[in-house]
Asks: 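Before I ask anything, let me first share the structure, which is written out below as structure tokens.
Every chain is numbered from 1, with letters handed out A, B, ... down the list of sequences.
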Amino acid sequence: MPELPEVETTVKGLQKVLNRIFVYVWTDSPKLIKKPGFNQFEKEIKNKKIKRIWRRGENIIFELSDGYSLLVHQKLTGHFLIGNWELKTESWEPLKTGALGERVNHYIHLMFRLDNGLMLALSDLRKFAKAELWKTESLVEELSSLGPEPLEKEFTFNKFKEIVKNRKIKIKQILMDQKLIAGIGNIYSDEILWRAKIHPFESGAELSEKELRDIYKYIKPVLNQAIKLKGTSVSDYRDIKGEEGQFKKLIKVYQKENEKCSRCGTKIKRKKMGGRSAHFCPTCQK
DNA sequence: TGCAGTGTTGCTTC
DNA sequence: CGAAGCAACACTGC
């Protein structure tokens, strides 16, 4: 599910577990806990208080007491749910209700019981999501290898130009590379480039100053608008209340192969780029 | 029925 | 060094 707007939406929803304490953790896929092993994870996270919940790129970070931080990356289909359902002695009884009903239950692979009785659950159809428990200090250092946050003031046009210029890789790949710019993925790179009228296969080094300005001009507005609409729902993505994101109404090219470009009527094309799909209008994106 | 495609990342290979 | 391919997994849709 997640690119910056979806993760931002999730982080906002998660604020309601601020100051809560982890009292119990359950998983049916210990493999999703990458650091440390599950047993140690369980031992260390117990009784830690959630002091701050924030986002860096597509990563969700729960800053905990005693100098620990829990990092969750939702990858393709992960999403958090908060509920007040009960824990039975023998088995967990996750959501009886909810946007996707029983379907959701089946995909919950990690659950935390909080000190006020609420459950914090991670649902993840494809099981690509990861959770890691770090010492906050080393996590901060780790995260510093990510590119700048595109919505921060410091992400100026000059900064953007510096990142793109002289890079021979395709502009869409530059936008999606988390080490260059953090938080933009397949959907929003397609959407930004359509608005800027730039072909996704254009190499960064070959873009003119004007073209760079056109791209830059749309990065923040597209992301901000998507945040306002709580992101884009593709298949299983839901916000923390189980609601779908509404940005899909404003999607112009992503997954719209063979539909007409709303600007010029040409059929939208899909073309492979390194195992992913790029969607674009072959007429207005040059 | 089978296979290509799906929001991401990270490893291996050339 | 870069780029490409593929694997992690489960499901949908043509």
Asks: Is there a donor N/O on one and an acceptor N/O on the other, under 3.5 Å, for the side chain of A:R276 and the base of B:dT8?
Replies: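 In this structure, the two groups form no donor-acceptor pair.
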
Asks: Could you tell me how far apart A:D124 (CG) and C:dA8 (P) are, to the nearest whole angstrom?
Replies: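 Going from A:D124 (CG) to C:dA8 (P), I get 16 Å.
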
Asks: Can you tell whether the side chains of A:R52 and A:E63 come within less than 4.0 Å, N to carboxylate O?
Replies: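 Between A:E63 and A:R52 there is a salt bridge, with a charged N closer than 4.0 Å to a carboxylate O.
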
Asks: Counting just side-chain N and O atoms, does A:H73 come under 4.0 Å of either OP1 or OP2 of B:dT9?
Replies: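 Yes, such a contact exists.
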
Asks: According to side-chain hydrogen bond (donor to acceptor under 3.5 Å, both in side chains), who are the partners of A:Q246, at least two apart in sequence or on a separate chain?
Replies: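 Partners of A:Q246 by the side-chain hydrogen bond (donor to acceptor under 3.5 Å, both in side chains) criterion, ordered by chain and then number, come out as A:K249.
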
Asks: Can you check whether A:K252's main-chain N or O pairs, donor with acceptor, with A:E191's side chain at less than 3.5 Å?
Replies: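 At least one qualifying donor-acceptor pair exists.
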
Asks: Tell me the interatomic distance from A:L125, atom CG, to C:dT12, atom P, rounded to whole angstroms.
Replies: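 Atom CG in A:L125 sits about 8 Å away from atom P in C:dT12.
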
Asks: Closest nucleotide of DNA chain C for A:G275 versus for A:F128: which of these residues is on the 5' side?
Replies: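 Taking each residue's closest nucleotide, the earlier one in sequence belongs to A:G275.
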
Asks: Looking at A:Y254, I'd like to know whether one of its side-chain N or O atoms comes within less than 4.0 Å of OP1 or OP2 on B:dG7.
Replies: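 For B:dG7, OP1/OP2 do have a side-chain N/O of A:Y254 under 4.0 Å.
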
Asks: Do A:K48 and A:D66 meet the salt-bridge criterion of a basic N to acidic O distance under 4.0 Å?
Replies: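 A:K48 and A:D66: salt-bridged.
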
Asks: Would you say B:dT6 has OP1 or OP2 under 4.0 Å from some side-chain N or O of A:S277?
Replies: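 Yes.
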
Asks: For the pair made of CD1 in A:I169 and P in C:dA4, what is the distance, rounded to whole Å?
Replies: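 Atom CD1 in A:I169 sits about 10 Å away from atom P in C:dA4.
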
Asks: At less than 4.0 Å, is any side-chain N or O atom of A:K75 found next to OP1 or OP2 of B:dT9? Yes or no.
Replies: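 A:K75 to B:dT9 OP1/OP2: no side-chain N or O under 4.0 Å.
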
Asks: Rounded to whole Å, how long is the line connecting atom CD1 of A:I187 with atom P of B:dG7?
Replies: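 Atom CD1 in A:I187 sits about 7 Å away from atom P in B:dG7.
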
Asks: Between which residue ranges does DNA chain B form stems of three or more consecutive Watson-Crick or G-U wobble pairs, both distances under 3.5 Å?
Replies: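 For DNA chain B the paired stretches long enough to count as stems (3 pairs minimum) are B:2-6 with C:10-14, B:8-14 with C:2-8.
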
Asks: Considering only NZ, NE, NH1 and NH2 on the basic side and carboxylate oxygens on the acidic side, decide whether A:K127 and A:D124 come within less than 4.0 Å.
Replies: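 No.
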
Asks: When you measure from the side chain of A:Q173, which nucleotide among C:dA4, B:dG7, B:dT9 comes out closest?
Replies: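 Nearest listed nucleotide: C:dA4.
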
Asks: Please check: side-chain N/O of A:T27 versus main-chain N/O of A:H109, any donor-acceptor pairing under 3.5 Å?
Replies: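 Yes, the answer is positive, given that a donor and an acceptor are paired below the 3.5 Å cut-off.
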
Asks: Taking the six-membered ring of A:Y68, is NZ or CZ of A:K135 closer than 6.0 Å to its centre and within 45° of its axis?
Replies: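 Checked: cation-pi criterion met.
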
Asks: Within the structure shown, what part of the strands sits under 4.0 Å from A:K34 by heavy-atom distance: base, sugar-phosphate, or nothing?
Replies: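 No contact.
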
Asks: Take atom C1' in B:dG7 and the same atom in C:dA3, then report the distance between them in whole Å.
Replies: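 My reading of the C1' atoms in B:dG7 and C:dA3 gives 22 Å.
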
Asks: Rounded to the Å, how far apart are A:H79 NE2 and B:dT6 C1'?
Replies: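 Distance check: A:H79 NE2 to B:dT6 C1' gives 15 Å.
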
Asks: Which whole-number value in Å describes the distance from A:Y188 OH to B:dT6 C1'?
Replies: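 Computing the A:Y188:OH to B:dT6:C1' distance gives 15 Å.
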
Asks: How close or far is atom P of B:dT8 from atom CG of A:L32, stated in whole angstroms?
Replies: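 Answer to the nearest Å: 19 Å.
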
Asks: Choosing from C:dA8, B:dT9, B:dT6, which nucleotide comes nearest the side chain of A:K31?
Replies: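 Of the candidates, C:dA8 comes closest.
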
Asks: Check whether any side-chain N or O of A:R263 sits under 3.5 Å from a backbone N or O of A:W194 as a donor-acceptor pair, and report yes or no.
Replies: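 Here the side-chain-to-backbone pair exists.
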
Asks: When we call it a touch if two heavy atoms are under 4.0 Å apart, what does A:R270 touch: a base, just sugar-phosphate, or nothing?
Replies: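 If one applies the 4.0 Å heavy-atom cut-off, A:R270 turns out to touch the sugar-phosphate alone, with no base involved.
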
Asks: Measure from CG on A:D177 to P on C:dA4 and round the result to the nearest Å.
Replies: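 It works out to 13 Å between those atoms.
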
Asks: So, is A:K272 near the phosphate of C:dA4, with a side-chain N or O under 4.0 Å from OP1 or OP2?
Replies: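 No.
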
Asks: Rounding to an integer number of angstrom, what distance separates C:dC9 and B:dG2 when you compare their P atoms?
Replies: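 22 Å, rounded to whole Å.
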
